[in-house]
Chemist: 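I have a structure I would like to understand better, so I am pasting it below and will then ask my questions one at a time.
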There are 2 protein chains.
Amino acid sequence: MSSTAGLGNEVPYRRRRRGALSRASVVDTGRRLAEREGMDAVTIRRVAAELGVTPMALYRHMSDKQELVVAMLDDVARELPPLPAGEDPRECLALAFVGLRDHLALSPWAVEALRSGDLFGRAALPYVEGVLELLERAGLDERRGMEAYWALWWFTFGHLTSLPATLPENRRGRMALLLSSGTEGLPRVRRMGELPLRPGDGGRMFRAGLDALLGGLLPG
Amino acid sequence: MSSTAGLGNEVPYRRRRRGALSRASVVDTGRRLAEREGMDAVTIRRVAAELGVTPMALYRHMSDKQELVVAMLDDVARELPPLPAGEDPRECLALAFVGLRDHLALSPWAVEALRSGDLFGRAALPYVEGVLELLERAGLDERRGMEAYWALWWFTFGHLTSLPATLPENRRGRMALLLSSGTEGLPRVRRMGELPLRPGDGGRMFRAGLDALLGGLLPG
DNA sequence: ACCTGAACACCGTTCAAGT
DNA sequence: ACCTGAACACCGTTCAAGT
């Protein structure tokens with residue numbers, strides 16, 4: 001029984017041969033850990049344990065932890081659905097951001113990583129380029145296109161970041177806590193806390209806000 | 001010379017008398033630390049050192065670190081500018097969110113804390129109530145009001161969270177890094193990275209996006 | 001070339017003890 | 001009642017050493 005016993009990892013860790021450790025295997029192990037237990041579990045030490053290797057062995061393949069996280073995020077960016085192609089740039093933009101939202105909503109750990117300051121790397125740039133092209137086709141000049149791009153990303157990222165708090169399970173506890181010490185003078189807040197949310201409401205609210213935003217950003 | 005020497009703290013730390021440590025002084029010290037050095041510096045151990053006290057002494061006044069951070073955020077919420085009073089609910093809403101943005105933009109550490117998952121406590125609720133009231137006056141029913149509230153907060157929070165990345169100093173290094181390994185096929189991304197940003201552009205872009213969003217959310 | 005061992009400078013938090 | 005001391009179970013990362 002080594003120190004990594006009981007982790008339930010799929011990777012054999014008994015005895016790694018020389019050269020068996022690669023950058024890809026490290027990034028992959030980080031992703032599996034993140035999917036199973038969230039970004040808090042993604043530590044150099046745990047990834048190393050999962051691979052049956054010393055923490056320091058990872059530094060052969062990346063210069064620090066941030067590089068690992070960015071590599072993990074880049075993998076997610078590469079798996080983004082293709083940008084929608086269509087005649088109406090406005091509808092394409094809506095679909096592009098819905099696709100982006102849905103994709104990231106399925107990887108809460110990626111949102112967690114972005115949230116704590118890590119950023120997408122190069123792999124996300126083609127998607128950005130495509131969005132900027134759609135904004136151009138919609139009639140925005142360079143400066144307005146950039147401003148619209150940021151507005152759309154702010155909205156999308158803010159939404160994704162707030163998702164955990166709107167999940168029913170987290171919502172009950174949190175709202176109960178907030179409202180426990182009295183709600184005199186806060187009738188609307190109280191009613192908002194009591195409004196039922198169904199699965200999928202997050203996505204629907206995102207789409208509604210997105211349409212509102214696009215309506216105000218695009219000409220016509 | 002105690003172990004806290006050289007930190008440049010204003011609080012005398014030579015010999016604390018019994019009862020000199022209070023919840024307020026702990027929260028205050030946390031805020032000063034956060035303002036000077038960011039949230040990374042706000043550790044139980046450093047706050048304690050700053051107060052000339054053992055880390056464990058803080059646990060007399062709060063049950064864990066999160067309680068300290070929430071208390072710090074609540075202080076910020078209490079210092080929010082009053083909600084604008086006026087005839088036009090739409091303009092009041094715009095001013096309310098600009099006020100919220102400007103207030104939080106002045107406390108980057110608070111955004112950092114929200115970003116890493118900590119949440120506002122009760123002190124923020126009166127502000128939320130005021131916004132919901134304005135949305136009601138603007139003609140939205142309960143459900144639409146809630147949806148609009150979330151859309152506005154997502155946009156605002158996403159903006160605040162992205163602010164550090166748009167600061168000129170961070171922007172240069174990051175864009176240079178992203179674009180260093182070639183920008184073939186990414187002309188728009190490249191030009192966006194080169195577009196100059198002036199101080200205050202963040203605020204102006206926020207206002208523009210906010211108006212677009214409000215235009216789409218409110219009736220009329 | 002690739003990996004290990006030991007160490008450094010940190011964390012939040014527990015438990016038992018001092019005054 | 002209020003605070004301390006020592007310890008536990010962690011971090012990321014460095015440097016020197018092994019094979």
Chemist: If I take atom CG in residue A:Asp118 and atom P in nucleotide D:dG12, what distance separates them, rounded to the nearest angstrom?
Modeler: 12 Å
Chemist: Please report the distance, rounded to the nearest Å, between CG in A:Leu58 and P in D:dT14.
Modeler: 13 Å
Chemist: Compare the minimum distances between each of D:dC2, C:dC11, D:dT4 and the side chain of B:Thr54, then state the nucleotide with the smallest one.
Modeler: D:dT4
Chemist: Which one, C:dG12, D:dG5, D:dT13, comes nearest to the side chain of B:Met56?
Modeler: D:dG5
Chemist: For the pair made of OH in B:Tyr59 and C1' in D:dT4, what is the distance, rounded to whole Å?
Modeler: 15 Å
Chemist: If the C1' atom of C:dC10 is compared with that of D:dA9, how far apart are they to the nearest Å?
Modeler: 13 Å
Chemist: What's the closest nucleotide to the B:Arg60 side chain, out of D:dC11, D:dC3, C:dG12?
Modeler: D:dC3
Chemist: Among C:dT13, D:dC3, C:dC3, find the nucleotide with the atom closest to the side chain of B:Ala57.
Modeler: D:dC3
Chemist: Please report, rounded to the nearest Å, how far the C1' atom of C:dT13 is from the CE atom of B:Met62.
Modeler: 15 Å
Chemist: Can you tell me the distance, in whole Å, between the CG atom of A:Leu51 and the C1' atom of C:dC3?
Modeler: 13 Å
Chemist: For B:Arg204, is there an ion pair with B:Asp201 - N to carboxylate O distance below 4.0 angstrom?
Modeler: yes
Chemist: Can you identify which nucleotide, out of C:dG12, C:dA6, D:dC3, has its nearest atom closest to the B:Arg45 side chain?
Modeler: C:dG12
Chemist: Starting from the 5' end of DNA chain D, give me the residue, A:Ser63 or A:Ala41, whose nearest nucleotide shows up first.
Modeler: A:Ala41
Chemist: Give the ring-plane orientation class for B:His159 versus B:Phe206, where under 30° counts as parallel, over 60° as perpendicular and anything between as tilted.
Modeler: tilted
Chemist: What integer distance in Å separates B:Asp40:CG from C:dG12:P?
Modeler: 11 Å
Chemist: Taking CG from B:Leu68 and P from C:dC11, how many angstroms apart are they, rounded to a whole number?
Modeler: 14 Å
Chemist: To the nearest 0.5 Å, how far apart are CZ in A:Arg36 and CD in A:Glu50?
Modeler: 5.0 Å
Chemist: Donor-acceptor pair, distance only, cut-off 3.5 Å: does the side chain of B:Arg115 make one with the backbone of B:Thr161?
Modeler: yes
Chemist: Rounded to whole angstrom units, what separation is found between the NE2 atom of A:His61 and the P atom of C:dA1?
Modeler: 13 Å
Chemist: Between D:dT13, C:dC2, C:dC11, which one does the side chain of A:Ile44 approach most closely?
Modeler: D:dT13
Chemist: Apply salt bridge (Lys or Arg N to Asp or Glu O under 4.0 Å) to residues A:Glu37 and A:Arg32 and explain how you reach the verdict.
Modeler: CA-CA 8 Å; A:Glu37 307 181 38; A:Arg32 275 210 320 282; over 6 Å; no
